[in-house]
Trainee: 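Would you mind keeping the following structure in view while I ask a few things?
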Amino acid sequence: MEPGDPKNREALRLRLMGLGDSSLHKSYYPELQKRLGELERFRTLLDRANDAIFLVSLRDGCVRYANASARRYGLLLGAKNFQQQCLPLKNLLLGGNGEGVDMDRILAASAFDSGEEGRCVLELFTDEGVRRCELSVSVSMPETSEDAHAVLILRDVEDRLAAEDRLRETLRQVEEARSRTVSLTAAIVELKDSFTGQHQRRTAQLASAIGRHLGVSGGELYDLVTAAMMHDMGLMAIPTDILFAPRPLSEVEWLLVHRHPLIGKTLMDRENFPSSVSVPLVQHHERLDGSGYPRGLSGRHIVSLARILAVADVAEAMSSHRPYRPAHDRSVVLAELAAGRDVRFDAAVVDACVALLEEGFAFAPHPVEELSQG
Amino acid sequence: MAGGEALRKFVAPEIVFGEGALELSGRFSKNLGGRRILVVSDPGVIAAGWTEKARKSLEEANLSVVVYENVRSNPSTASVMEGASVFVREQCDMILAVGGGSPMDCAKAIGAVVSNEQHVLEFEGVDNVSLPPPPLVCVPTTAGSAADVSQFAIITDEVRKVKFAIISKTMVPDVALIDPRTTVTMEKELTVATGMDALTHAVEAYVSDASSPLTDLHALETVRLVARHLPGAAAELDNLKHRRGMMLASLYAGLAFSNAGLGMVHALAHSLGGALDLPHGECNALLLRHGCAANYSAVPERFARILQAFKEGESMASMSPVAPTPPEKVLEELVARVGVLGDISGIAVRLRDFGLRREDIPRIARFAYQDPCLLTNPRHMDAAELEEVLHGAW
């Protein structure tokens, strides 16, 4: 407003005399009310949060602020005024063992990934009893150490963790059932044909060792052992006189015998075994150069577990006594593997098997525990 | 024009007057919520030792202190902005000004800048400071500017070469700690110049068309106190009785002009001081006589009351009775008395002695016409009339 303009002069004169609309004495109250309103809205927001939020002074370990959700942890929370008295965190937050939880304990338990914020899970005493809580802690270090404080955010994860525990237990039970099925099948095979039964067990041991040597682990290893434990069960469909014949088989008889991987897979499919088990089983007589059966698959069409199973199968069979021949020497076995390396057999698998045999790999006498690997 | 049925308002800070007020700096700053105090002062006041005394009081109250002293007379916008950046950088939360009008005006403007986050030039005019500045305590060390109680802050714009006024109720300090002892370190010239400033405040406030019974009381008492104590204070620099009288005069004048406004003398003095960087008190001392002459016809009875108060003040000093003055003699006697006071320290009587060139007069008059002080002058004056007054004073 320019004083030069006559119609402005009277308005300016009134303002100068303190009689203008905004000619008010210095007062922080309007601004204070505005900020208090903001603060109140912010506090409502914090109180609505399901997570418990604590502000803890690092200087004296006292709680400076706690939101409404924090009350379910506190023994003394409620009417207390955090500004006027010191309520130490360890008096408010009790661990499952009944001991107070202080900042030292929280900071020691927390893993700081990004450097700013740490996380841990603690058992805490709550209004619903002892429950597991995920705790996030971030420390603020202002210039003056007087004001250093930590923000704790607590989330009750008991329900989530309990659900996870139940899920894990269910999974374990399913796996146990599968193990029992496999063991039972293997036991029936062994009842009818002790050679085949023993061969399956020992092949499973060797396949497992080779697999681990090559870095196979977890569920994949479990699948490998399962496939190995049942890889010859299709033989049970072959008439006994052919199966146990102490003589070379005729061409027709061989055709029958070559069907055993397919028979095994058919049985597995009926029971809804996953393909990660049935495919290695059906392929265990396939060879890299296409000379195997039942499909004559070659190269990359043969899955890696089948390649392991193939080598373990051959190495175990040669090392064992058969009704029609005695056990081969280890040197003969090694020579056969060397001859087939990168031709019929996967080179890396052969190398692993050779290494194991040279280290003096021994078959365990009662190896049913192999199945508990998974 | 004053009084009657018109609305009038009176705004004043909390005031502590008396020897020892300076030592209350710490207590008052703490009560206002300060923790880290920006002390705004200038090298002269620091040399006199008053700043150190204030710092000690603050530190005894466990307050931390940051001193900003780069303030010269007629404080500049650059100085204000620099002080504001120190306030922000050092995370201060309150301001204590120790000194005369310059550090106090600078401190007021710093406060407006830091709370509003605007450039100081944006506050020019009336009621343009929207958010209240941080708490401000003033310890005046001169008896004249009364910036410690007024709603004015006068800042020099080095670019336009003018002084501009920030006028707002929010510029009234929170506390004035007025300790007459702090004025004994003023030399004679400054004593007279600041005393003439106080007298000018009183005269202009009394004849202002926004004056009120409340401001009249203070204005007339100022005239009595100046007449009684200024010659003595100038003659005996360490006479605490006269210093106390002049400090009170300055305070009363401040309360009067902050609420009643000023007039053409201040409008001209601001314009002149901005252009030539002159001491404010001396500009007022020179121009006051011309202002009285120019305004006399608008409110002759008011000028008669001023002369009366002058005489009452003198009689208290000399114990002689006050004789009534015939109306035709009032202006002549008043102007003579103003001249005598200015002569104590030989303040220039012609504008040309200040180094003003005659051709600059129209520009000075033009700027003076824009000054808000002119709004309450007892009669309307345009730029041409102001030019005429300046020519008369040249």
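Both backbone and side-chain heavy atoms feed into the values below; hydrogens, waters and symmetry mates do not.
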Trainee: Donor-acceptor pair, distance only, cut-off 3.5 Å: does the side chain of B:Q151 make one with the backbone of A:G18?
Mentor: no
Trainee: Determine whether A:R15 and B:N128 satisfy the following criterion, side chain to side chain contact (heavy atoms under 4.5 Å, CB included), listing intermediate values before the conclusion.
Mentor: CA-CA 10 Å; A:R15 287 199 205 172; B:N128 291 326; 4.3 Å; yes
Trainee: Give a yes or no on whether A:R155 atom CZ has more than 12 heavy-atom contacts from other residues, nucleotides or ligands under 6.0 Å away.
Mentor: no
Trainee: Among B:T170, B:V129, B:D127, whose side-chain contact (heavy atoms from CB on, under 4.5 Å) with A:S22 holds?
Mentor: B:D127
Trainee: Could you report the tightest heavy-atom contact between A:L19 and B:K9, atom names first, then the distance?
Mentor: CD2-CB, 4.2 Å
Trainee: Relative to chain A, which of B:P134, B:S168, B:A260 shows the most heavy atom pairs under 4.5 Å?
Mentor: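 Top count of heavy-atom pairs under 4.5 Å with chain A: B:P134.
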Trainee: Let me know if B:P13 has heavy atoms under 4.5 Å from chain A in its side chain, its backbone, both or neither.
Mentor: neither
Trainee: Please flag which part of B:L262 lies under 4.5 Å from any non-hydrogen atom of chain A: side chain, backbone, both or neither.
Mentor: neither
Trainee: I'd like to check A:R13 versus B:T376 (side-chain heavy atoms, cut-off strictly below 4.5 Å). Are they in contact?
Mentor: yes
Trainee: Please report the closest heavy-atom contact between B:P132 and A:Y28, naming both atoms and the distance.
Mentor: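 Closest approach of B:P132 to A:Y28, heavy atoms only: CG-CD2, 3.7 Å.
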Trainee: Could you tell me whether the side chain of B:K169 reaches within less than 4.5 Å of the side chain of A:L24, counting heavy atoms only?
Mentor: no
Trainee: Give me the atom names and distance for the closest heavy-atom approach of B:A12 to A:H25.
Mentor: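 Between these two residues, the closest heavy atoms are O-NE2, 4.1 Å.
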Trainee: Between A:K26 (side chain) and B:L131 (backbone), is there a donor-acceptor pair under 3.5 Å?
Mentor: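 No; judged by distance alone, with no hydrogens or angles, the pair does not exist.
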Trainee: Checking B:F152 against chain A: side chain, backbone, both or neither under 4.5 Å from a heavy atom?
Mentor: side chain
Trainee: Side chain, backbone, both or neither: which part of B:V126 has an atom under 4.5 Å from a heavy atom of chain A?
Mentor: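 Contact with chain A involves both backbone and side-chain atoms of B:V126.
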